[in-house]
Each structure stands twice: as structure tokens, then as C-alpha cells.
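Side-chain atoms are counted along with the backbone in the values below, which use heavy atoms only and exclude waters and symmetry mates. In this chain, residues are counted from 1 in sequence order. One-based numbering, in listed order, for ligands and for the atoms of each.
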Amino acid sequence: MTTVVRGCDLVDGRGTEPRRGVDVVVEGSTIREIVEPGNGAYPSAEVVDAQGMLVIPGLINNHTHGTAYGPLFPSGHEPLPHRQVNANLDRHLLEGTTTVLCVDGFITAEAVARTDEAHPVNVKAASCNTPACLDAAMITDGGGLTEADRAFTARQAVAEGAVALGEIGSGHTLGGGGASYLYLPEEIARRTGVRVTRSQANELKIAVLGRHISASAFDRDAVEEALENAGLAGLLSVSDVREIVSGVVLPAFDVALRGLAEAAEEAGKLDVPVLVHNAAASMTQVAAIARTDVRLIAGHSNHPSFTTREALDHAAWLKERGVVIDVSILDTFRGGRPDLTPDLLFAMFEAGLVDTISTDYAAGHHDPILLAIDRATKAGVVSLPAAIAMATSAVADTFPGLAPRRGRIVPGAVADLVVTDPVALDDVRTVMISGRIAVREGRLVADEASDDR
Ligand SMILES: [Zn+2]
């Protein structure tokens with residue numbers, strides 16, 4: 001079966017200038033050649049008309065949660081229902097992502113394989129199951145961890161197909177986003193019956209423990225103000241809040257920090273990359289790992305807990321030591337969050353610090369990678385070919401087991417590609433995975449099939 005993607009402008013993932021008006025010829029699951037249009041060599045081919053459209057490689061997303069059937073997050077939270085995992089994967093697919101690395105970290109190889117079979121997106125896993133990371137999960141949560149999950153060590157996971165260790169540390173075990181959108185609101189609701197928002201919980205957390213998570217950062221005035229802002233004045237005292245926040249965040253914190261060094265050492269032994277939670281709270285430990293010779297990916301180096309200056313200096317220091325600097329889109333554009341604007345992301349691009357682009361989870365509300373690339377290229381902070389490479393070939397090269405022969409549109413590569421609108425990059429029209437069309441006219445092909453029934 002031959003398909004010709006006709007007349008497109010091609011950004012092939014290698015970081016080089018676009019080619020105008022070419023045909024991409026796909027044979028079976030493979031890119032056969034890229035040719036000048038209309039040479040008539042494939043009369044019986046299926047044609048995807050892509051004139052005036054942009055074709056790029058399928059995106060490879062190295063930081064996703066809730067994309068495999070098993071415990072959610074590196075805190076071993078209760079699994080999402082399968083249909084929600086499938087819906088998350090559908091969303092990634094509609095956004096042009098054809099390979100995801102699930103960094104929940106406690107999912108067995110068997111469960112990852114089941115997910116991968118159930119959905120057209122390629123699903124690969126990272127493991128965070130080292131002793132300290134497991135301890136941190138059990139202290140924070142662990143509610144979704146079965147006996148089998150706990151026993152499935154990082155070593156075993158790598159032997160059975162995990163391509164990295166990660167996410168090591170997380171917003172759930174290190175007092176980051178996961179504490180703010182999940183565990184703090186839960187605990188406050190349990191005590192008061194009032195459900196606070198993520199930003200209210202975040203303000204309370206920072207008032208008690210600061211951006212770097214330290215008991216010495218306690219600021220009574222800031223706590224009073226945060227209580228007022230969260231509508232909790234009169235329901236909780238300053239010392240109640242101090243106790244709640246400390247009780248949620250601190251017990252696992254030092255254990256999780258220890259997990260960073262432990263997992264990095266284990267990744268070195270297993271000869272796989274290690275993806276770490278890089279945020280204000282973990283930056284010192286991340287820097288310590290950077291001094292070792294493990295292949296280190298500093299996940300979401302644009303984390304909102306950093307100040308702009310701090311993030312740029314830290315990333316530059318890490319990059320000099322060979323660390324891969326990842327940025328996560330989170331809900332930067334559509335989240336409406338006062339603490340998360342595009343400024344830091346754009347500054348990282350402009351400084352030439354970014355190696356890879358991922359989404360992360362943002363409580364399930366991440367923005368599309370292509371929306372971020374659209375905005376960043378329009379802002380002039382990164383070129384289109386460079387940005388596309390950061391979400392395709394650079395990710396494949398960083399994680400050798402994640403997407404072999406993927407991430408570039410060149411002869412012999414696996415035919416994962418996206419046809420999208422050059423003036424609104426996130427308006428994805430067609431997605432092909434291994435030569436099969438999975439999204440057509442911006443809709444899942446699986447849905448078309450069910451309409452026919
Ligand atoms: Zn994280």
C-alpha cells in the first residue's frame with residue numbers, strides 16, 4: 001500500500017530549512033522517498049492532498065502522565081479509568097503526537113504493552129521504581145500501587161522495555177504542582193469542607209514553605225493573606241495551615257530528594273537516560289547529578305517555581321555539563337494562570353537553552369506542543385525547523401529506545417507524520433502512524449469508523 005502526501009511544505013525534523021511543494025511517498029509503514037510533485041510514478045497510490053499545508057514528523061513527547069493503564073504519577077496514585085487513559089492518548093494524537101513516554105513510573109511492562117496495543121499512539125514507559133522513590137510514593141500516596149507494581153523494580157522494567165528512568169521526583173512527592181492541585185486541596189477539603197483552587201493551594205504552600213520547600217521559609221503574614229484569598233479565614237488558623245502544608249509536603253520530601261541521586265546511579269548502571277523533576281525544590285540535587293556521567297534530562301526546566309533568572313542560570317549551568325534541557329508546555333497558554341506565563345518559556349528559547357519540548361500533565365490540562373511552537377515562532381524566539389526538531393528528532397536521539405527510526409521524515413524512517421496548517425500549527429489535519437492514517441480532517445479515524453456503524 002502506497003500513500004503520497006502531495007504538494008506539501010516539509011519540515012523534516014532535522015532542523016534544516018523547509019522544502020517547498022514536495023511529495024512524501026509512504027510505502028507500507030516506511031517513508032520511501034521525497035520527490036518533486038506530480039512525477040506520476042505512483043499511479044495507484046492513495047493521495048493525501050497537502051497543498052499549502054505543512055508536513056512535519058509525528059511529535060515525540062517525553063513527559064506525559066495518565067497515558068498507560070496503571071498507577072498515576074510517581075506518587076503511585078490510583079489509576080485513571082482505561083477510558084480516561086484512552087481519551088488522554090486521543091488528545092495527544094489529535095495534537096500531532098505519535099509517540100509518548102509515560103513517566104508515571106510504576107506501571108508494569110505488561111500494562112504498558114496492553115495500552116500500546118489498545119491505541120494507535122506508540123506508548124513507551126519510564127520507571128521510577130527504586131527503593132527511595134517507592135518509599136516517597138508510599139509516604140505521599142501509593143494508593144494505586146498493587147503488590148505487582150511495587151515488586152516491578154526499575155531494573156526489571158528496563159529489562160522488559162522501559163527506555164529510561166523517570167520521572168524521578170515529581171510535583172507530587174516534592175511539593176510541586178501535584179501537591180498544589182491534588183494533595184493539598186484534598187486535605188483542606190477533608191478538614192474544612194472547602195475545596196480550594198490550585199492557585200490558592202499553591203499560595204498557601206509557598207507562604208508556609210517557600211519556593212524551595214524549606215520549613216525556615218515560613219511567613220506568617222503571607223499565610224494570613226493566603227488564607228484570606230482562599231476564603232479560609234476563620235476556618236483554619238495560621239498554625240493549622242502550617243501543620244497541614246507541612247504534613248502533606250514534608251514527610252516524603254527528603255526521601256524523594258534522596259531518590260534523585262539513587263535513581264541517577266541506577267540509570268547509570270542500567271545504561272538508560274534518567275528524566276528528573278527539575279524545579280526550585282530539586283535544583284540543588286539536579287545539579288549534583290549533573291556532575292556524574294549519567295545521561296540526564298532536566299524535565300520541565302521552565303517550571304513555574306523558578307524565577308526567570310534562576311531558571312535561565314540553572315539551565316545554562318546544566319547545559320554546559322551536557323544535561324539535556326527539556327521544557328514542558330504545561331497549561332502555559334490556555335491555563336490563565338498568573339504564575340505561568342509564556343515569558344519564561346520564550347526566554348529559554350531565546351537564550352538557546354532548549355533541547356527538547358514535552359507537555360507534562362498540568363492536572364490533565366496541558367496545552368498542545370504545536371500551539372506553543374506556533375506562539376514561540378510567531379514571537380520570533382525560535383525558528384520553526386529548530387522548534388520542530390526539539391519535539392521530534394532531538395527527543396528520539398535523547399531517548400534511544402523511545403522512538404527508533406522515528407522523528408525525521410527521511411527515506412527509510414518509520415512513516416509517522418503530521419499534516420497541519422502553517423498559519424495555525426495546532427490545527428492538525430492529518431496524522432499518520434506507521435503509514436496508517438489515524439487522524440483525518442482533524443478527527444480520529446476510529447470515530448469515523450464508529451459513525452459508520
Ligand atoms: Zn515533574
So, applying ring-ring contact (aromatic ring centres under 6.0 Å, His included) with Tyr181, which one of His77, His65, His172 is it? His172
Check this for me: Glu224, atom CD, are more than 12 non-hydrogen atoms of other residues, nucleotides or ligands nearer than 6.0 Å? yes
If you draw a sphere of radius 2.8 Å around the Zn ion (ligand 1), how many protein N/O/S atoms end up strictly inside it? 3
Looking at Glu310 and Arg211, is there a salt bridge between them, counting it only when a charged N and a carboxylate O are closer than 4.0 Å? yes
Does Asp426 come within less than 4.0 Å of Arg334, counting only side-chain N to carboxylate O? yes
Inter-residue atom distance Ile388.CD1 - Leu370.CG, 0.5 Å rounding: 5.5 Å
Side-chain donor-acceptor pair under 3.5 Å between Asn229 and Glu203, yes or no? yes
